[in-house]
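Per chain, numbering begins at 1; letters A, B, ... match sequence-line order.
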Amino acid sequence: MHNKFSNSLIAWYQEYHRKLPWRETKDAYKIWLSEIILQQTRVQQGLSYYLKFIQVFPTVFDLASATEDEVLTQWQGLGYYSRARNLHLTAKKIAFEMGGKFPNSKSELIKLKGIGDYTSSAIASFCFDEPTAVIDGNVFRFIGRMLGIFSPIDLPETKARINIFLQEHFPKKNGNTFNQGLMEMGALLCTPKNPNCEECPFKMSCYAFQNNCQADIPVKGKKIKVRIRHFNYLFISQENNIALQKRKGQDIWKNLYEFPCIETDQEVSQTDLQNIINEKYKIKNPIISSIANYNHQLTHQKLKVTIWKLDNYIAEMPKNWIFASSNDINNFALPRVLSRFWEDFSNNGLQLQIV
DNA sequence: CACTCGTGGCC
DNA sequence: TGGCCAAGAGT
């Protein structure tokens, strides 16, 4: 009776799971890379990045030997860029301080940057067969619905309760398949919307199915608040070179490149912006014109992005500006909204109004 | 603990 | 369309 859940789950997984490249290996480097890429990211979105990374950086030494800029450029467009920065930090630690060998236990893995509770369990289980249960968003949803858990998923006690259940049902053999099955259930059948309960082998013992409350579990905690920000980018092109700067500070897109940016509290008029440019960069009569607008919607922010073309000749650059040749722009990691602008600009030329 | 970090897809 | 969501982790 106690083994029935794990036996059924393992059997279901073996029949219905998707074939994915990181499931064909026990190489800790590849498993680790896939787990980082898939944090808060769908398989469909992360797959091409995984394939690109193992091609460009086949081993942890290749990744460690690259610069952070190179890693960020490969990561461009995937979001949550702290993952890429921590990926590089941890690669250097493993390559240069640990002889290229990954720690083989959850307790050691979790000490590494970018590897938390979920990822340490995943690597320990998938690579080293450590009997530790993974708890990610899929598992919260699947087990939460099965057991009828209505406490918010962001509470530690909710996670603890799920962990107790999983420990009680953790199999003596095939623990890694059990873990894969937990997540694959959440990804294929026990989905956030319109779960496919008819094909679920656990529907007879599932609280949510029996009580028809699948949509009410898991219970989300707080509501998302969206902050509106106004980014005014200066597109400055001189002699086929374009001004860029590196974003710093504890903010979005840290260590990515962007055009010189003037952030304002509200939308600004052309004359307002000219005055700001005059004050900030000591450019006497800035000649600017708006060439593109984007509403860039993020999870917690809505960015109103305006690209302004600045036509003055600039004799003395601020020290943090870099001038990149237009052929070289693609070698800089840009936020999605700017790589999209650059694509539009390269294709269409100067006059474009995108919203 | 509460908040923050991206992007694309879905309805 | 806007809100929700996805293999979480750092601070």
> Has the side chain of A:T299 got a donor or acceptor atom sitting under 3.5 Å from an opposite partner on the base of B:dG6?
Replying inline: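 Indeed, a donor on one side and an acceptor on the other fall under 3.5 Å apart.
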
Please state how far atom [atom1] in [X] lies from atom [atom2] in [N], giving the value in whole angstrom units.
{"X": "A:R227", "N": "B:dA2", "atom1": "CZ", "atom2": "P", "value": "20 Å"}
{"X": "A:L334", "N": "B:dG6", "atom1": "CG", "atom2": "C1'", "value": "15 Å"}
{"X": "A:H300", "N": "C:dG3", "atom1": "NE2", "atom2": "P", "value": "14 Å"}
{"X": "A:K106", "N": "C:dG8", "atom1": "NZ", "atom2": "P", "value": "14 Å"}
{"X": "A:K220", "N": "C:dA6", "atom1": "NZ", "atom2": "P", "value": "11 Å"}
{"X": "A:Q40", "N": "C:dG8", "atom1": "CD", "atom2": "C1'", "value": "5 Å"}
{"X": "A:I162", "N": "C:dA7", "atom1": "CD1", "atom2": "P", "value": "14 Å"}
{"X": "A:Q297", "N": "C:dG2", "atom1": "CD", "atom2": "P", "value": "8 Å"}

>> Can you classify the ring geometry of A:Y294 versus A:F341 as parallel (below 30°), tilted (30 to 60°) or perpendicular (above 60°)?
In response: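 Perpendicular, since the angle between the ring planes exceeds 60°.
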
When you measure from the side chain of [X], which nucleotide among [options] comes out closest?
{"X": "A:D117", "options": "B:dC5, C:dG8, C:dA9", "value": "C:dA9"}
{"X": "A:T119", "options": "C:dG8, B:dG6, C:dA7", "value": "C:dG8"}
{"X": "A:P192", "options": "C:dA9, C:dA6, C:dA7", "value": "C:dA6"}
{"X": "A:R23", "options": "B:dT7, C:dA7, C:dG10", "value": "C:dA7"}
{"X": "A:R42", "options": "B:dC10, B:dG8, C:dG8", "value": "B:dG8"}
{"X": "A:K193", "options": "C:dG10, C:dG8, C:dC4", "value": "C:dC4"}
{"X": "A:L38", "options": "B:dG8, C:dA7, B:dC5", "value": "C:dA7"}
{"X": "A:D136", "options": "C:dA7, C:dG10, B:dT7", "value": "C:dA7"}

Mind checking [X] for me? I need base, sugar-phosphate or nothing, with any heavy atom below 4.0 Å counting as a touch.
{"X": "A:G77", "result": "sugar-phosphate"}
{"X": "A:Q301", "result": "sugar-phosphate"}
{"X": "A:L298", "result": "base"}
{"X": "A:K254", "result": "nothing"}
{"X": "A:D154", "result": "nothing"}
{"X": "A:I37", "result": "nothing"}
{"X": "A:W75", "result": "nothing"}

>> Quiz question: by atom type and distance under 3.5 Å, do the side chains of A:R145 and A:Q214 form a donor-acceptor pair?
In response: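 No donor-acceptor contact under 3.5 Å links the two side chains.
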
> Regarding A:S151 and A:T158, is there a side-chain donor-to-acceptor distance under 3.5 Å anywhere?
Replying inline: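 The criterion, which ignores hydrogens and geometry beyond distance, is satisfied for A:T158 and A:S151.
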
Would you say a side-chain N or O of [X] is under 4.0 Å from OP1 or OP2 of [N]?
{"X": "A:H296", "N": "B:dG6", "answer": "no"}
{"X": "A:Y80", "N": "B:dT4", "answer": "no"}
{"X": "A:R141", "N": "C:dA7", "answer": "yes"}
{"X": "A:K225", "N": "B:dA2", "answer": "no"}
{"X": "A:Q39", "N": "C:dG8", "answer": "no"}
{"X": "A:R340", "N": "B:dG6", "answer": "no"}

> In terms of the nearest nucleotide of DNA chain B, which residue is placed more toward the 5' end: A:P156 or A:L256?
Replying inline: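 Counting from the 5' end, the first nearest nucleotide belongs to A:P156.
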
>> Pick the closest DNA chain B nucleotide for A:R85 and for A:L155 by heavy atoms, then say which residue is nearer the 5' end.
In response: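 On the 5' side of the pair lies A:L155.
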
Less than 4.0 angstrom from a charged side-chain N to a carboxylate O is my criterion; do [X] and [Y] meet it?
{"X": "A:D129", "Y": "A:K26", "answer": "yes"}
{"X": "A:E267", "Y": "A:K304", "answer": "no"}
{"X": "A:R247", "Y": "A:D251", "answer": "yes"}
{"X": "A:K159", "Y": "A:D117", "answer": "yes"}

> When rounded to the nearest 0.5 angstrom, what distance separates CD in A:E184 from CG in A:N179?
Replying inline: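 A:E184 CD to A:N179 CG: 12.5 Å, rounded to 0.5 Å.
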
> Taking the same atom, P, in B:dG6 and in C:dT11, what whole-Å distance lies between them?
Replying inline: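 To the nearest whole Å, 14 Å.
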
> P atom, B:dC3 versus C:dA7: distance in rounded Å?
Replying inline: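 That atom pair is separated by 24 Å.
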
> Pick the nucleotide of DNA chain C nearest each of A:I115 and A:Q180; which residue has the one closer to the 5' end?
Replying inline: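 The residue mapped nearer the 5' terminus is A:Q180.
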
